[in-house]
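All values derive from a computational prediction rather than experimental measurement. Per chain, numbering begins at 1; letters A, B, ... match sequence-line order.
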There are 2 protein chains.
Amino acid sequence: MSERELRRNLAILPIGTVRELTLLTDRQIRYYEQHQLVNPARGNGGQRRFSLNDIDRLLEIKDFLDAGDSIKDIQEIFAKQHRKAVGKQDSDSALRRSLQKEFAQIGRFSR
Amino acid sequence: MSERELRRNLAILPIGTVRELTLLTDRQIRYYEQHQLVNPARGNGGQRRFSLNDIDRLLEIKDFLDAGDSIKDIQEIFAKQHRKAVGKQDSDSALRRSLQKEFAQIGRFSR
DNA sequence: ACCTCCATGTCATAAAACCTAACACATATT
DNA sequence: AATATGTGTTAGGTTTTATGACATGGAGGT
């Protein structure tokens with residue numbers, strides 16, 4: 001997995017930030033999670049941690065809903081998409097550890 | 001300013017995340033802020049919001065301290081660096097608005 | 001017109017995260 | 001010995017997030 005993908009999958013954002021970036025309410029975000037359209041990680045205290053990919057996904061959901069699709073429709077759409085791309089299930093903690101190493105040693109966000 | 005830079009300057013991370021990513025304590029982070037080595041934005045409730053650039057900076061600070069430099073040394077180092085690059089003082093809210101637009105319309109994190 | 005479902009709003013309550021300020025301390029500098 | 005530095009720790013208060021329950025407006029079916 002590239003450093004870029006790594007970064008995009010790192011769950012670092014609290015719901016408040018996501019709310020601001022997506023212009024969704026937390027009610028909506030939680031509802032979508034409840035219906036398995038997103039799957040944010042959880043911090044130690046049980047709070048949701050979103051990745052940039054999660055945000056993308058939320059924005060997709062928003063678009064689909066605006067376009068008239070139902071939650072169920074979207075579930076199926078995502079299911080189909082996923083049937084193509086499988087095999088990338090690194091645990092978040094593994095990602096975190098990996099990225100920490102990079103940070104602590106050589107890696108920097110800036111190129 | 002490129003979309004990339006925009007994203008890197010967006011203040012989105014709470015101190016807890018920064019703590020995990022940098023392996024600094026919040027005490028340290030706040031102390032560095034107090035001595036003006038970093039300048040995280042603040043959310044409505046007054047809580048710090050860090051950008052990816054802020055994280056870079058914190059990691060730099062860490063390196064300098066490990067290398068034996070004092071806070072004051074680092075202040076000067078940064079001051080010199082800054083004397084070269086001036087003129088990019090878009091307000092955070094402007095950045096946020098701008099990015100929101102992109103998100104809401106066409107832009108996506110993913111390519 | 002009535003009923004039901006769906007997506008969302010709202011409220012209550014509790015826990016987690018964060019804030020500032022103060023005091024403590026070990027190490028280095030003078 | 002006295003002072004300065006960077007960090008740990010604790011206390012008390014505020015903000016954010018979590019869950020669960022109840023309410024509601026609109027769409028579609030009967």
_Test side chain to side chain donor-acceptor pair (under 3.5 Å) on A:Ser51 and A:Arg7; report intermediate values, then the result._
CA-CA 8 Å; A:Ser51 69; A:Arg7 222 161 49 216; over 6 Å; no
_Rounded to whole Å, how long is the line connecting atom CD of B:Glu33 with atom C1' of C:dC18?_
13 Å
*What's the CZ-C1' distance between B:Phe50 and C:dC18, to the nearest Å?*
11 Å
*Using heavy atoms to find the nearest nucleotide of DNA chain C for B:Arg27 and B:Gly45 separately, return the residue whose nucleotide is more 5′.*
B:Gly45
*List the steps and the verdict of side-chain contact (heavy atoms from CB on, under 4.5 Å) for A:Leu10 and B:Leu21.*
CA-CA 10 Å; A:Leu10 196 65; B:Leu21 291 178; 3.6 Å; yes
*A:Lys72 has a side chain; which of C:dC6, D:dT7, C:dC19 sits nearest to it?*
C:dC6
*Taking for each residue the nucleotide of DNA chain C bearing the nearest heavy atom, is the 5' side occupied by B:Pro14 or by A:Gln28?*
A:Gln28
_Does D:dT19 have OP1 or OP2 under 4.0 Å away from a side-chain N or O of A:Arg42?_
yes
_From CD of A:Gln75 over to C1' of C:dA7, roughly how many Å is that when rounded to an integer?_
13 Å
*Select one nucleotide: of D:dT7, C:dA16, C:dC6, the one nearest the side-chain heavy atoms of A:Gln47.*
C:dA16
*Could you check B:Asp54 against B:Arg49 for salt bridge (Lys or Arg N to Asp or Glu O under 4.0 Å), going step by step and ending with a plain yes or no?*
CA-CA 9 Å; B:Asp54 287 330; B:Arg49 296 281 148 172; over 6 Å; no
*Taking OP1 and OP2 of D:dT17, is either one under 4.0 Å from a side-chain nitrogen or oxygen of A:Arg48?*
no
*D:dT19 base / A:Arg30 side chain donor-acceptor hit below 3.5 Å*: no
_Short side-chain N/O contact to C:dC18 OP1/OP2 from B:Arg49, under 4.0 Å_ = no
*Nearest of D:dG8, D:dG6, C:dA17 to any side-chain atom of B:Thr25?*
D:dG8
*Nearest-Å distance for atom pair CG/P, residues B:Asp26 and D:dT7*: 13 Å
*Looking at the side chain of A:Tyr31, which of C:dT8, D:dT17, D:dA18 is the nearest nucleotide?*
C:dT8
*Over how many whole Å does the gap from A:Ile71 atom CD1 to C:dT8 atom C1' extend?*
10 Å
*Quick one: A:Lys62 NZ to C:dA7 C1', roughly how many Å, whole number?*
15 Å
*On DNA chain D, nearest-nucleotide positions of B:Asp69 versus A:Ile15: which is more 5'?*
B:Asp69
_Between P of D:dT14 and CG of B:Asn44, the distance in whole Å_ = 17 Å
*Indicate whether OP1 or OP2 belonging to C:dT8 is found under 4.0 Å from a side-chain N or O atom of A:Tyr32.*
yes
*Quick one: does B:Arg30's side chain get under 4.5 Å of B:His35's, heavy atoms only?*
no
*Go through B:Ile29 and B:Phe50 one step at a time and tell me if the side-chain contact (heavy atoms from CB on, under 4.5 Å) criterion holds.*
CA-CA 11 Å; B:Ile29 297 169; B:Phe50 297 81; 3.6 Å; yes
*Rounded distance (Å) that lies between atom C1' of C:dA16 and atom CZ of B:Arg19*: 11 Å
